[in-house]
Amino acid sequence: MNKKYVVELKDEERERLQQLLHAKETSRGIRNRCLILMLVDESQGAIPKQMEIAQRVGVSDVTIHHTVKSYCTRGLEATLQYRKRSEPGHPSVITGELEARIIALACSEPPVGYARWTIRLLTRRVIELNIIESVGRETIRATLKKRNLSLT
């Protein structure tokens, strides 16, 4: 069966991988990529099966495939670096002032008829008081959890 991606490392590339493997500041992910590339190197002779490599390195077989594919399509240096995001992540909906108001509301007395605040009740009240136009329960929950606040 023909392989789609074949790894044949040059001597300089093998030396670079060895340096990264023995460097203390190399992260575990990059170290795993180095091990994978060294194990699938066909210029060294017969290579083990993908599942055997996955067990040796302690990663999934999909990781082996993606590492080999990255090496063959993008090159060694690109494979040994984490990718930068093309776009930054979404900014948080809740800013410092809004967070303070939500926390103050959660620390206040619950509405009449309730023994304590719930996430759903708190979410409804935040929208009623126009603190935020629309917000999901998960956003409120994450805000409280970030400050290690419990509603119980």
| task | Test side chain to side chain contact (heavy atoms under 4.5 Å, CB included) on L122 and L144 and set out the steps. | result | CA-CA 11 Å; L122 198 55; L144 296 175; 3.6 Å; yes
| task | Walk me through it: do I53 and L35 pass the test side chain to side chain contact (heavy atoms under 4.5 Å, CB included)? | result | CA-CA 9 Å; I53 295 172; L35 285 170; over 6 Å; no
| said: Set out, in order, the CA-CA distance, both residues' side-chain angles and the distance that settles side chain to side chain contact (heavy atoms under 4.5 Å, CB included) for M51 and Q55, then state yes or no. | reply: CA-CA 6 Å; M51 289 304 293; Q55 286 179 336; 5.6 Å; no
| query | Hey, mind stepping through R14 and S43 against side chain to side chain contact (heavy atoms under 4.5 Å, CB included) and telling me if it holds? | reply | CA-CA 11 Å; R14 205 171 299 110; S43 62; 3.0 Å; yes
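Taking OG1 from T123 and CD1 from I140, the interatomic distance works out to 5.0 Å, rounded to the nearest 0.5 Å. Put simply, CD1 on I132 and CZ on R101 are 9.0 Å apart, with the number rounded to the nearest 0.5 Å. Rounding to the nearest 0.5 Å places CG of L76 at 11.0 Å from CZ of R33. Here CD of E12 is found 11.5 Å from CG of L17. Values are rounded to the nearest 0.5 Å. A distance of 11.5 Å separates CZ in R147 from CD1 in I102, rounded to the nearest 0.5 Å. We find the CD-OG1 distance between E138 and T143 to be 9.5 Å, quoted to the nearest 0.5 Å.
With hydrogens and angles disregarded, no donor-acceptor distance shorter than 3.5 Å links the side chain of T139 to the backbone of V135. Under a 3.5 Å cut-off, the side chain of R83 and the backbone N or O of A78 do not form any donor-acceptor pair. Between the side chain of R31 and the backbone N or O of T26 there is at least one donor-acceptor pair closer than 3.5 Å. Using modelled atom types, no side-chain atom of R137 and backbone atom of R120 make a donor-acceptor pair closer than 3.5 Å. Judged by distance alone, the side chain of W117 and the main-chain N or O of L105 form a donor-acceptor pair under 3.5 Å. Without hydrogens or angle criteria, S70 side chain to H66 main chain gives no donor-acceptor distance under 3.5 Å. In this structure, the side chain of Q50 engages the main chain of D61 through a donor-acceptor pair within 3.5 Å.
The shortest side-chain heavy-atom distance between E133 and I127 does not fall under the 4.5 Å cut-off. Side-chain contact between V7 and L9: present, with at least one pair of heavy atoms (C-beta onward) separated by less than 4.5 Å. Contact check for K69 versus K4: no side-chain heavy atoms found under the 4.5 Å cut-off.
There is a path of hydrophobic side-chain contacts, each under 4.5 Å, that joins L151 to L149. Connection of L121 to I94 is established within a shared hydrophobic cluster, with ILVMFWY side chains joined at heavy-atom distances below 4.5 Å, either directly or through further cluster members.
Side-chain atoms of T63 and S60 form a donor-acceptor pair, as typed in the model, at a separation below 3.5 Å. A donor and an acceptor atom, one from each side chain of Y114 and E109, are nowhere located under 3.5 Å apart. Y82 and S27 are linked by a side-chain donor-acceptor pair at a separation below 3.5 angstrom, with hydrogens and angles left out of the test.
Smallest separation of non-hydrogen atoms from L21 and M38: CD1-SD, 3.6 Å. Closest heavy-atom contact between P110 and A115: CG-O, 3.6 Å. Heavy-atom minimum distance, V59 versus I64: CG2-CD1, 3.9 Å. Contact between Y5 and H65 at its shortest, heavy atoms only, is CE1-CE1, 4.1 Å.
In the displayed structure, R56 atom CZ is contacted under 6.0 Å by at most 12 heavy atoms of other residues, nucleotides or ligands.
E52 and K49 are not joined by a salt bridge, as no carboxylate oxygen comes within less than 4.0 angstrom of a charged side-chain nitrogen. In summary, E13 and R16 do not engage in a salt bridge, as defined by a charged side-chain N under 4.0 Å from a carboxylate O.
Just one of I131, V126, I103 meets the side-chain contact (heavy atoms from CB on, under 4.5 Å) condition when paired with L98; it is I131.
E97 pairs by the side-chain hydrogen bond (donor to acceptor under 3.5 Å, both in side chains) definition with nothing, not counting sequence neighbours.
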